[in-house]
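A note on names: the letters A, B, ... follow the listed sequences, proteins ahead of strands, and every chain is numbered from 1. Computation of the quantities below employed the complete heavy-atom set of this structure, encompassing side-chain atoms and omitting hydrogens, waters and symmetry-equivalent molecules.
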There are 2 protein chains.
Amino acid sequence: MTDLDISIDRSSPIPLYHQVASAFDKAIREGVLPPETKLENEISLAKRYNLSRPTMRQAMDRLVRDGLVVRRRGVGTQVIGPPVRRNLRLSSLYNDLQDEGSAPQTRVLTIETVTAPEPIREKLGLSEGSEVYHLRRLRLVDGRPLALMENWLPVTLAQLTRKDLEADGLYNLLRRAGVDFRMAHQRVGADVADEEQASQLKAETGSALVVMERTALDSSGAPIECGRHVYRADRYAFDITLMN
Amino acid sequence: MTDLDISIDRSSPIPLYHQVASAFDKAIREGVLPPETKLENEISLAKRYNLSRPTMRQAMDRLVRDGLVVRRRGVGTQVIGPPVRRNLRLSSLYNDLQDEGSAPQTRVLTIETVTAPEPIREKLGLSEGSEVYHLRRLRLVDGRPLALMENWLPVTLAQLTRKDLEADGLYNLLRRAGVDFRMAHQRVGADVADEEQASQLKAETGSALVVMERTALDSSGAPIECGRHVYRADRYAFDITLMN
DNA sequence: TATGACAGTTTGTCATGACATTTAGAAGAA
DNA sequence: TTCTTCTAAATGTCATGACAAACTGTCATA
């Protein structure tokens, strides 16, 4: 049972429940409220912070949903522990590498506009004869090849140049062009490197590659982009956390 | 704008907000409320179903969190569409295959208890000299080999026999023994098949394998089990949906 | 015709109040 | 000593009421 000192600014535009939830979130992350700590009951917490009980509950709802605390009827509320990093957000290799503190580099191997080949046309839900960008790029980290990336997207989405693509990640460019990413269907499998892949990735022909295929959708559910990326298996894998 | 007929049973132990949310959930899944349908405002919905507005909001909160509807202040509430299958639940290959309508079979190659090797001891957070089960199994579907699975778990968790393991999935056996799964950290990569793997999986030596490593934790955060599974890449891949 | 202001609409936030359900511990009975 | 019942504590559900913030559409003015 711990008393947590929180300063609540009632003149702030930030909702009260959000201020309280954030303060508890921070205290849990920083270990001020360690796992298994029993929190005061809702009624007394609400009194302590001079809030109504539903407002206090709303703050706790947030923490429960974030997996930081557990509530049991008749018992009380207890800290579970710091949040689990699940890797479920729609991101890009470029952004992921940046988040890790790496400096991703891109070499554009192909940038062309073509009439969408049949499987691409289907994946992107385009009509016959639609034009798409066909991109092939090599991604390097610290000067070392990591992935070969092939992507297809409608030309109507954005104007892309070699220079753009070598300066920033594709998803960043699309976002800047107003594309509204909502979700992506992703499949992770494996393959072995052929001669060209091995050459580009500075690996042995026949070595293992992690293969990721993805179709990204915007908020109306329309496909934006599809692609196939292959990564050196000795340098990359996909981490995720599954929950019950 | 659509009127949805809902029967609410006020004598039922099921909370009112849950009954309403379920009815809307069902209507959205079944296309009765198709994507982009504008729902009535909260106040009039609450009146229609003879509920208080916070109760109606609580039902809508559920739908918003499940990604079925979107709410905009000043505008109203709109159906997004049926839920997206994200594959984020902690499951097992056995259960996944069953869910797909397949009949998984298991051949036990190794079942032994050993003193935990150092990397396993660390992964499972065990003390020096602890005994663990070491399991190696072949999983087949329709008589065709799909995956080679190696798992390690403390002997204190359950009594496992060859017969048990060939009759049911490991996770099912552990659940039946009272193990409380909470989450698992999973990594998906790639490798190439050595001679033994190729032989067991009826594949070519040097062919691509999808590699999944996982450590499962119980609800107290203690590691339960860790394992490394390799799958024929031509037969299996990991599908997931990422959201923004 | 275009822009800005205003009004109406809808969701978001917050409060007070009350009852129901579940849990754990204590007390009583066998 | 063990089992059952009861009580207190805590969360879960639900209601009424009120104000704030964001959005859209309409109207007036330049």
Hey, are B/Asn151 and B/His134 close enough side-chain-wise for a donor-acceptor pair under 3.5 Å?
no
Please, which pairs that meet salt bridge (Lys or Arg N to Asp or Glu O under 4.0 Å) have at least one residue in residues 93-102 of chain B, sequence neighbours excluded?
none
Do A/Thr115 and A/Glu131 pair up side chain to side chain, a donor and an acceptor below 3.5 Å, judged on atom types alone?
yes
Which residues in residues 8-22 of chain B have a heavy atom closer than 4.0 Å to any atom of DNA chain C?
none
Around atom CG of B/Asp9, are there more than 12 heavy atoms of other residues, nucleotides or ligands at under 6.0 Å?
yes
Checking only heavy atoms, does the side chain of B/Arg53 share a donor-acceptor pair with the base of D/dG17 at less than 3.5 Å?
no
Would you say A/Arg53 and A/Arg57 make side-chain contact, with heavy atoms under 4.5 Å?
yes
Any side-chain heavy-atom pair of A/Asn95 and A/Gln98 under 4.5 Å
yes
When the distance from CG of B/Leu45 to P of C/dT10 is rounded to whole Å, what number comes out?
11 Å
Once you round it to whole Å, what is the distance between P of D/dG12 and CG of A/Asn41?
12 Å
Under the ring pair (Phe, Tyr, Trp, His ring centres under 6.0 Å) definition, can you give me all pairs with a residue in residues 154-173 of chain B, not counting sequence neighbours?
B/Tyr171-B/Phe181
From NZ of B/Lys38 across to P of C/dT9 the rounded distance in Å is 17 Å
Stepwise, does the side-chain hydrogen bond (donor to acceptor under 3.5 Å, both in side chains) test hold for B/Thr106 with B/Arg137?
CA-CA 7 Å; B/Thr106 307; B/Arg137 298 169 295 151; 5.1 Å; no
Using whole Å, what does the distance between atom P of nucleotide C/dT10 and atom CD of B/Glu40 come to?
10 Å
Quick check on DNA chain D: between B/Gln58 and B/Pro54, whose nearest nucleotide comes earlier from the 5' end?
B/Gln58
Considering residues, nucleotides and ligands other than A/Glu118, do more than 12 of their heavy atoms fall under 6.0 Å from its CD?
yes
With salt bridge (Lys or Arg N to Asp or Glu O under 4.0 Å) as the rule and sequence neighbours excluded, what pairs involving residues 67-78 of chain B come up?
B/Glu42-B/Arg71, B/Asp61-B/Arg71
B/Ile43 CD1 to C/dT11 C1', straight-line distance once rounded to whole Å
9 Å
Residue-phosphate contact under 4.0 Å: A/Arg57 side-chain N/O, D/dT11 OP1/OP2
no
Going by number, which of residues 61-79 of chain B have a non-hydrogen atom under 4.0 Å from DNA chain D?
B/Arg73, B/Gly74, B/Val75
Side-chain N or O of A/Thr55 closer than 4.0 Å to phosphate OP1/OP2 of C/dC14:
no
For nucleotides 3-7 of chain C, give me every protein contact, N/O to N/O, under 3.5 Å, one pair per line with atom names.
none

Run A/His185 and B/Thr241 through side-chain hydrogen bond (donor to acceptor under 3.5 Å, both in side chains) and show every step you take.
CA-CA 5 Å; A/His185 300 304; B/Thr241 300; 3.1 Å; yes
